[in-house]
Amino acid sequence: MFDVLVCGSLNVDLLARVARLPSPGETVLGKELQRLPGGKGLNQAIAAARMGARAAMVGAIGADADGAWLASWLAREGVDGSLLSSREAMTTGLAYVCVADDGENAIVVHGAANTTLTADDVRAAVTTLQPKIALAQLETPPATVAAFLEAARRNGARTILNTAPALTDGRDLIALADLVVLNETELAHYACASSDALVEASLKTYADRARMLGASTVIITLGARGALVVDDREFVHHAAPTVEVIDTTGAGDCFCGTLAATLARGATLQAATVDAIRAASLAVTRQGAAPAMPYRHELRE
Ligand code: RIB
């Protein structure tokens, strides 16, 4: 039995460092370019494994050098990738990541092979790997994510949905998750009329909006302000430590992977949230997504 099964994307991240993110129509000059493993699914699986979970991943890569490279990263990190699908006619997912001097990022994802992951692929993975926790995001087709969460529930797994990136058809998936994790932008997308309606809102406003999603439990990640755990009875805020931010890419993935690994060990939701915040706070002090994920012993240190 696996602790955590991640259904999701695998991308090669082309990371360009810039002084500041370009405005619409503007060209800015890059200072440095790196090729790094990424994809929300791969990042979350590696985060869970580095936190000590027996982790596995179901996803799709191209039958190309990029796909082989990402699969080898998973293997090196101890993530079971035996149920990755390799697509002959497709290229592996690619993400263009711009990271500014203040650590903020802007990302464009070319899904490629990730868009071919099917319901049959993920149902087979759930049945074969028997996870305690099933974790998904939205860089694979929504119908596939739905099949994954449904199969995991039928199998007795706890289901976690990270609704990133915000998609128009992502809303319907929320009912299939025991726990939903989203950031402020995604909360605005799924629970508000206007996309900027929640910037710097009060914690109570966040909690009220989160309850409108209809999920039994929601965690809103608030960046430097930590995270808010919301259910129908209460909301609990956990602050984040102050850190020097280098790159925020993959911070949400680090949070989700750590949360899943810690819950699989039997921790309470509040304790797992505290660990997830600490892990994400460490991840943003390093460059890149997957390579920046911290190890469990670093949380104690
Ligand atoms: O969440 C960060 C990730 O988003 C990057 O690694 C990139 O690949 C995109 O999927």
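Order of appearance sets the numbers: ligands from 1, and atoms from 1 within every ligand.
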Checklist entry - Considering only the protein, which heavy-atom contact is closest to atom 3 (C) of ligand 1, and what is its distance? => result Asn43 ND2, 3.7 Å
Checklist entry - Between Glu139 and ligand 1, is there a nitrogen or oxygen pair with a distance under 3.5 Å? => result yes
Checklist entry - Does ligand 1 have a heavy atom under 4.0 Å from the side chain of Val97, from its backbone, from both, or from neither? => result neither
Checklist entry - Should Val229 and Val274 be counted in the same cluster of Ile, Leu, Val, Met, Phe, Trp and Tyr side chains packed under 4.5 Å apart? => result no
Checklist outcome for this item: closest protein heavy atom to atom 2 (C) of ligand 1 is Asp253 OD2, 3.3 Å
Next on the checklist: Please confirm whether Gly250 approaches ligand 1 to less than 4.0 Å, judged on its heavy atoms.
Outcome noted: yes
Checklist entry - Is there a donor-acceptor pair under 3.5 Å between the side chain of Asp253 and the backbone N or O of Asn43? => result no
Checklist outcome for this item: The atoms of ligand 1 lying under 4.0 Å from a heavy atom of Gly38, numbered in the order shown, are 6 (O), 8 (O)
Checklist entry - Any sub-3.5 Å donor-acceptor pair from Lys31's side-chain atoms to Val18's backbone N or O? => result no
Checklist entry - When you measure from atom 4 (O) of ligand 1 to every protein heavy atom, which one gives the shortest distance, and what is it? => result Lys40 NZ, 3.1 Å
Next on the checklist: Regarding ligand 1, does Gly39 bring an N or O atom to under 3.5 Å of one of the ligand's N or O atoms?
Outcome noted: yes
Checklist outcome for this item: The protein heavy atom nearest to atom 8 (O) of ligand 1 is Asp13 OD1, 2.6 Å
Checklist outcome for this item: ligand 1 to Ala289, heavy atom cutoff 4.0 Å, flagged ligand atoms 6 (O)
Checklist entry - Partners of Asp66 by side chain to side chain contact (heavy atoms under 4.5 Å, CB included), sequence neighbours excluded? => result Val12, Arg35, Asp64, Thr92
Next on the checklist: Any salt bridge linking Asp178 with Arg153? Criterion: basic side-chain nitrogen under 4.0 Å from a carboxylate oxygen.
Outcome noted: yes
Next on the checklist: Would a single hydrophobic cluster contain both Val181 and Leu167, if residues Ile, Leu, Val, Met, Phe, Trp and Tyr are joined by side-chain heavy-atom contacts under 4.5 Å?
Outcome noted: no
Next on the checklist: Which label fits His297 and Tyr295: parallel for a plane angle under 30°, tilted from 30 to 60°, or perpendicular past 60°?
Outcome noted: parallel
Checklist entry - Is Ser9 in polar range of ligand 1, meaning some N or O pair under 3.5 Å apart? => result no
Checklist entry - For ligand 1, which atoms, with element, lie under 4.0 Å from some heavy atom of Ala95? => result 7 (C), 8 (O)
Checklist entry - Is a salt bridge present between Glu186 and Arg171, judged by a nitrogen-to-oxygen distance below 4.0 Å? => result no
